[in-house]
Number of protein chains: 2
Amino acid sequence: MDNDGEWLPQPDVADIQLAKVLHALGDPVRLRLFAIYATGEQYDCSSERLGLGHLHKSTVSHHMRVLREAGLTSTRAVGRNRYVRLRRADLDARFPGLVKALLTAAEGLDDLDDLKPAD
Amino acid sequence: MDNDGEWLPQPDVADIQLAKVLHALGDPVRLRLFAIYATGEQYDCSSERLGLGHLHKSTVSHHMRVLREAGLTSTRAVGRNRYVRLRRADLDARFPGLVKALLTAAEGLDDLDDLKPAD
DNA sequence: TTAACTGTTGGATATCTGTCCAACAGTCTC
DNA sequence: GAGACTGTTGGACAGATATCCAACAGTTAA
């Protein structure tokens, strides 16, 4: 029951702080996760699928938490999986043009094509 | 002689990395300095004039160095002063729209009106 | 030349952070 | 229920960082 899962805690739109957002993105791993989430909702947090095979699962979990607490992502817990998506609308409302500029700037960082939402 | 001063070392445009830029701006003090420099070239690094009276001068010097080494600012040393300005053209060329979006987002962080370049 | 001024550098320190590991909780499958 | 699976949490630890202070170098002024 409750198939929709529960939402992990995240800051309110009005409480999203620019400095914290930039701090969260000021790490290569999280910047990559940000670019990945921007391609669509992700439902598999395993390091391998995210192209972060070299990182321990708890490390990836840590980075996802930082992103969520900064207000960048929303996470829904369903069963043993986590559905993570970018809070695009919230971010656009709060910081117009920022996400778009960041994604443009982040293009070509790595090969992100392999990481589009599967099927 | 050499009244123009010398330029402190800074990365080449092509070497400016997004993650480093965001890391540099992911600190409240440096985000404030960024917004200040965006209003025009600054030629006084004293904490007081920058609205950072609570910080030691060596701390401010440290933050300015981080901004410069990330590729965000240019610094010219003339006499005992430092003329710091945002590398707006370089940043716009490398990350189109990013600076504009950041400045829009940073508006209203504090009262920056008092810090426009004096006379 | 002596003194004041601006900013840098190195040391010290407390805090933060990225990473791994082990243990755990909840979930799914057999 | 037993075991496999996904992800979280707490501990440990090395490295980074923000801050201050003292000392210094170069510059300007008296």
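The chains referred to below are lettered A, B, ... by the order of the sequence lines, with proteins before strands, and numbering in each begins at 1. If you're wondering where the values come from, they're calculated on a predicted model, not measured in any experiment.
You can see that DNA chain C meets the heavy atoms of chain B within a 4.0 Å-exclusive cut from dA4(C) to dT9(C), reading 5' to 3'.
For Arg80(A), the listed nucleotide lying nearest its side chain is dT6(D); candidates were dT19(D), dT6(D), dT17(D).
Nearest-nucleotide assignment on DNA chain C puts the 5′-proximal partner with His23(A), out of His23(A) and Thr59(A).
Residue His63(B) is in sugar-phosphate contact alone, with no base atom involved, counting any heavy-atom pair closer than 4.0 Å across all strands shown.
Side-chain nitrogen and oxygen atoms of His62(B) include at least one within less than 4.0 Å of the OP1 or OP2 phosphate oxygen of dA18(D).
Distance, His54(B) NE2 to dA18(D) P: 14 Å, rounded to whole Å. Distance CZ (Arg82(A)) to P (dC5(D)): 17 Å, rounded to an integer number of Å.
For the atom pair NE2 of His63(B) and CG of Leu33(B), the computed distance is 7.5 Å after rounding to the nearest 0.5 Å. Summarising the geometry, atom CZ belonging to Arg32(A) is positioned 12.5 Å from atom CG belonging to Asp27(A); distances are rounded to the nearest 0.5 Å.
Arg68(A) places a side-chain N or O within donor-acceptor distance of the main-chain N or O of Pro9(A), the cut-off being under 3.5 Å. For Arg30(A) (side chain) and Ala24(A) (main-chain N/O), a donor-acceptor pair under 3.5 Å exists by modelled atom type.
The stretch residues 90-102 of chain A participates, sequence neighbours left out, in these salt bridge (Lys or Arg N to Asp or Glu O under 4.0 Å) pairs: Arg87(A)-Asp90(A), Arg88(A)-Asp92(A).
A donor and an acceptor atom, one from each side chain of Gln10(B) and Thr75(B), are nowhere located under 3.5 Å apart.
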